[in-house]
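Sequential numbering from 1 along the given sequence is applied to the chain's residues. All values below come from the heavy atoms of this structure, side chains included, with hydrogens, waters and symmetry mates left out.
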Amino acid sequence: MSEENRQHVYQLYNSFIEHCLLEHNSVLTNEEDIFSLANLFRVKELFLDAAIEGSGPSYWDKIELQFQDANYEVRLCFAHLNWLWYLPANDIKPETKRDTPSWILENEEFIERFNTNKKEQYFPQIGVGSAGLYYKTNKPMEINFLLILCILIKQNVEKGELKKIADINKYIIDKVYSVFDENTFNIPEKEYKLLENRAFAMQNLIMHLAKPEYYEPIASKQDKAAIKSNFYALIKDTEATKKEDLTIDDEIHLIKKELEKSGINNSFYAPNLWPIWNKGLHNVTEDIMNLQFKKALVYYGPPGTGKTHTANALAQSFITNHFLHKKENLKVYFEKGLENIDQRIHKLQFNPNTSYEDFIAGYQLKASENGSETIAVKGQLFDIIDKANNETKTTDEKGQVKLPHVLILDEINRVDLSRVFGELFSAMEYRNQPIKTAIKGIELNMPDNLYIIGTMNEIDFSVERMDFALRRRFVWKFKGYDDAVLLEMLGSYFNDKHFEEFKNDFVTACTALNNYISFSIEELGEAYQIGHTFFAELSKIYNENYNLTGKGRSKKKLFKEAKDILWSISIEPMLVAFLGNTDNTSVKEYTSRANAIFTNGK
């Protein structure tokens, strides 16, 4: 992003404070008395107090109903809140930013008036940072946050307590996390409960707009936690971190300063920084900590929920995190990357034929001078242990702590794990101590720098059926269907505004179907949820159906057809297979009800 584009965003933001918050005028047009307290309270009545619940109508359908009797000034006032919401985001199309006022005004007479009075370049071509999925799906609540924040600011302006742009920016930074501490404006109780403990992406983004030299343009709290986790070694021994009242924003600012000392002035989302902390993990800090302290973790859950992908991402993030524990490694990383990281991630795919002899050790018959003899042979695990022991890179200043190696054991449910692991259970608990195996002359010694991540389909073998010796040596993390991940996967293909309603309805239907499977079908349950990767096949089906039959046909009809095809070739057969031990009548009843939920979303 160019500095010119960035400065344009900051200029528009300051113009908003000057013309809309300190005065009552418009930043979009040359008109006066638009962003007034009276109009803001009217927006509150129509949009917040009269919120339309449910996931059926789209955002635009809802505001069309809510603002049908609103005048031009109130609609344009509401358009300003939408404008402020998309101002910092660089992952919203310029066309959307440009056309949003017209979509809200809707009335041809209103649109003509707007076009006559609109300012040049009232919207930025690009923002200052990636807003992310939560920011978009949480849009109505984000708008409500901005609405109440603006009302609070304008009330303090009228009292004479806020007189300059700097005053308002300080107020925002001081109050941004306490906007809903009290129900000051008699928000309906149901709506207030949704708001009072909610996280808002705009809390983070508006702090950046208020003080860009200090606060980073990071919308997601999870991103902030991941950045802190992966770069904290840069600041852990500094005097500044000894202060007791440091916030995560303060810590990220200190990290940024340390990076700048090394000549790295990029955004945390720049290509050279992004891969260090973002591996596609939703709870990267928690998972890294679990793996660090327990040294063994299992992702379990239904098929199609990304367990293997997550295991690999965690392994990469974990090793990179440790490599950057040494400050001098940071410069090495930017010049060369972490070389041979894949050689430190070892993958074994378990299957029903995998045995103790394959994995730990066994006897083999070998030809000899006297005919043949039985000799002891080490299994696959020993090769991996040797590689971990031979690691040359270290992660501490004294050069004593070796860089981690990670063993990924895929589909551990497909073997008798207690038999295959054998003495590994003891070796995992008593690291760096030789443990005698069942094979004479072979001892197992697990090094400190070897970590294990397993994956398990719970359909085949539930966690509850595993013996205690196995369960207590791992951290168990459930990986189920994730509607946010599904929405993100679909968003890369269905990224047009016209698909917004179809896409959201589809995700709602998938969630409702999995709730039915989890809580209403006694024979199934949560372990039989349908994974988001199966639902994401919709985009491929839509594309193929469009290429075959779609030219000139409506997107709505094509989307429905793709959904019906997905049901018939994937979802229904999967459900029938899950219900294999259930009588035919019940199977028909369950699948009929499931089809109705999948079709209607409830």
Using a 6.0 Å distance limit plus a 45 degree cone around the ring axis, check whether K387 lies over the aromatic ring of F382. no

Ignoring hydrogens and geometry beyond distance, is a side-chain donor-acceptor pair present between Y299 and D287 at under 3.5 Å? yes

Donor + acceptor pair across side chains of Q343, H405 (<3.5 Å): no

Side chains of S592 and N595: donor-acceptor distance under 3.5 Å anywhere? no

Determine, step by step, whether M456 and W476 satisfy the side chain to side chain contact (heavy atoms under 4.5 Å, CB included) criterion, reporting the C-alpha distance in whole Å, the side-chain angles of both residues, the deciding distance to 0.1 Å, and the verdict. CA-CA 10 Å; M456 186 182 100; W476 296 85; 4.2 Å; yes

Is the positively charged end of K228 above the ring of Y232, judged by distance under 6.0 angstrom from the centroid and angle within 45° of the axis? yes

Answer with yes or no whether the side chains of K221 and N204 bring together a donor and an acceptor at under 3.5 Å. no

Evaluation steps, side chain to side chain contact (heavy atoms under 4.5 Å, CB included), between L579 and E523: CA-CA 7 Å; L579 293 163; E523 293 87 341; 4.3 Å; yes

If you measure from the Lys or Arg side-chain nitrogens to the Asp or Glu carboxylate oxygens, is any gap between K224 and D249 under 4.0 Å? yes

Tested for side-chain hydrogen bond (donor to acceptor under 3.5 Å, both in side chains) against K347, the lone hit among T308, N312, D410 is N312

With under 30° as parallel and over 60° as perpendicular, where do the rings of H322 and Y451 fit, or are they tilted in between? tilted

Any salt bridge between E429 and R472, counting N to O under 4.0 Å? yes

Is there a side-chain contact between F506 and L538 (heavy atoms, below 4.5 Å)? yes

For residues R198 and N138, is any side-chain donor paired with an opposing acceptor at under 3.5 Å? yes

Nearest 0.5 Å, please: how far is CG in L513 from CZ in R593? 10.5 Å

Identify the residue among L348, L409, V415 that makes a side-chain contact (heavy atoms from CB on, under 4.5 Å) with T354. V415

Does either side chain, that of Y269 or that of D223, offer a donor lying less than 3.5 Å from an acceptor on the other one? yes

Can you tell me how far CZ of F421 sits from CG of L417, rounded to the nearest 0.5 angstrom? 4.5 Å

We want to know whether Q400 and D396 form a side-chain donor-acceptor pair, criterion being a heavy-atom distance below 3.5 angstrom. no

Take the angle between the ring planes of Y542 and Y546 and call it parallel below 30°, perpendicular above 60°, tilted in between. parallel

Decide side chain to side chain contact (heavy atoms under 4.5 Å, CB included) for E258 and I255; before the verdict, give the C-alpha distance in whole Å, the side-chain angles of both, and the deciding distance to 0.1 Å. CA-CA 5 Å; E258 287 296 323; I255 289 168; 5.7 Å; no

Going through the checks in order, is the ring pair (Phe, Tyr, Trp, His ring centres under 6.0 Å) test met by Y516 and F598? CA-CA 10 Å; Y516 174 64; F598 187 66; over 10 Å; no

Could you walk me through whether V475 and F293 pass the side chain to side chain contact (heavy atoms under 4.5 Å, CB included) test, one step at a time? CA-CA 10 Å; V475 174; F293 294 117; over 6 Å; no

Could you measure the distance from the CG atom of L490 to the NE2 atom of H532? Nearest 0.5 Å is fine. 11.0 Å

